[in-house]
Amino acid sequence: MQKQGSFPRVEWICKHFSELNTEALYQIVQLRIEVFIVEQQCVFQDLDNKDRVCDHLMAWQEGKLVAYTRLVPPGVSYEEPSIGRVVTSPLVRRTGIGRILMEKSIALVHNKYGKIPIKIGAQCYLNKFYTSLGFISEGDVYLEDGIEHVAMRLPV
């Protein structure tokens with residue numbers, strides 16, 4: 001496991017779906033399957049027709065995608081803009097990259113849509129992490145693809 005600051009330089013790139021090349025798209029799908037389907041043992045339809053209207057924030061390290069989020073426009077998942085498919089590679093966990101990923105995602109959403117609330121559907125075990133970023137739980141816990149989630153909002 002890599003320690004904070006000991007991992008090679010990370011290149012952050014955000015592109016709309018229409019700008020993604022096949023290599024980037026392949027690595028996005030590969031990382032999402034590795035974590036959401038294989039690691040979390042959750043069989044679900046990852047490709048949900050939302051990707052095409054989203055921006056995609058990617059963290060690249062030595063040619064490999066190591067962290068990713070999907071920035072969802074208002075009116076697609078929720079009335080508010082959203083950040084979804086938040087994922088870090090097991091290779092870079094516990095390095096602080098997840099926090100940087102979310103901070104950059106929040107900044108990009110606010111830059112694109114204005115300083116308005118952001119809503120997410122968070123896996124419950126990450127509630128403390130999202131709370132530390134300013135998100136507030138809303139409503140009851142619900143099951144999504146067999147995993148407990150809670151709606152959370154980042155107020156302005």
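Since the model is a prediction, treat every value here as computed from it, not as a measurement.
- Here the OG-CG distance, from Ser89 to Leu31, works out to 6.0 Å after rounding to the nearest 0.5 Å.
- Atom NZ of Lys115 and atom CD1 of Ile106 lie 9.0 Å apart (nearest 0.5 Å).
- More than 12 heavy atoms of other residues, nucleotides or ligands sit less than 6.0 Å from atom CD of Glu138.
- Placement of Ile33 and Tyr26 in two distinct hydrophobic clusters is found when ILVMFWY residues are connected by side-chain heavy-atom separations under 4.5 Å, directly or transitively.
- Side-chain contact check for Lys15 versus Ile13: some heavy-atom pair is nearer than 4.5 Å.
- Heavy atoms of other residues, nucleotides or ligands lying less than 6.0 angstrom from CG of Asp140 number 12 at most.
- Rounding to the nearest 0.5 Å places CG of Leu154 at 4.5 Å from CZ of Phe135.
- The heavy-atom pair separating Arg93 from Val35 by the smallest distance is NH2-CG2, 3.5 Å.
- Of the inter-residue distances, the one linking Glu148 atom CD with Asn127 atom CG reads 11.0 Å to the nearest 0.5 angstrom.
- A continuous path of Ile, Leu, Val, Met, Phe, Trp and Tyr side chains, each step under 4.5 Å between heavy atoms, connects Phe17 with Leu65, placing both in one hydrophobic cluster.
- When side chains are defined from C-beta on, Cys54 does not count as touching Leu71, because their heavy atoms never get closer than 4.5 Å.
- Ring-plane geometry between Tyr68 and His56 is classed as parallel, the angle between the planes falling under 30 degrees on a 0 to 90 degree scale with a further cut at 60.
- Atom CZ of residue Arg32 and atom CZ of residue Arg70 lie 5.5 Å apart, to the nearest 0.5 angstrom.
- No side-chain heavy atom of Leu143 sits under 4.5 Å from any side-chain heavy atom of His149.
- For the pair Ile136 and Thr131, the minimum side-chain heavy-atom distance is 4.5 Å or more.
- Across all non-hydrogen atoms, the minimal contact from Ser82 to Ile118 is CA-CG2, 4.1 Å.
- A 4.5 Å side-chain heavy-atom check between Pro90 and Glu34 finds at least one atom pair inside the cut-off.
- Here the straight-line distance linking atom CG of Leu57 with atom CZ of Arg85 works out to 15.5 Å at 0.5 Å rounding.
- With a 4.5 Å cut-off on side-chain heavy atoms, Pro81 and Pro73 do not count as touching.
- Every pair passing side-chain hydrogen bond (donor to acceptor under 3.5 Å, both in side chains) that includes a residue from residues 99-114 is listed here, sequence neighbours excluded: Asp55-Lys112, Thr69-Ser105, Arg99-Ser132.
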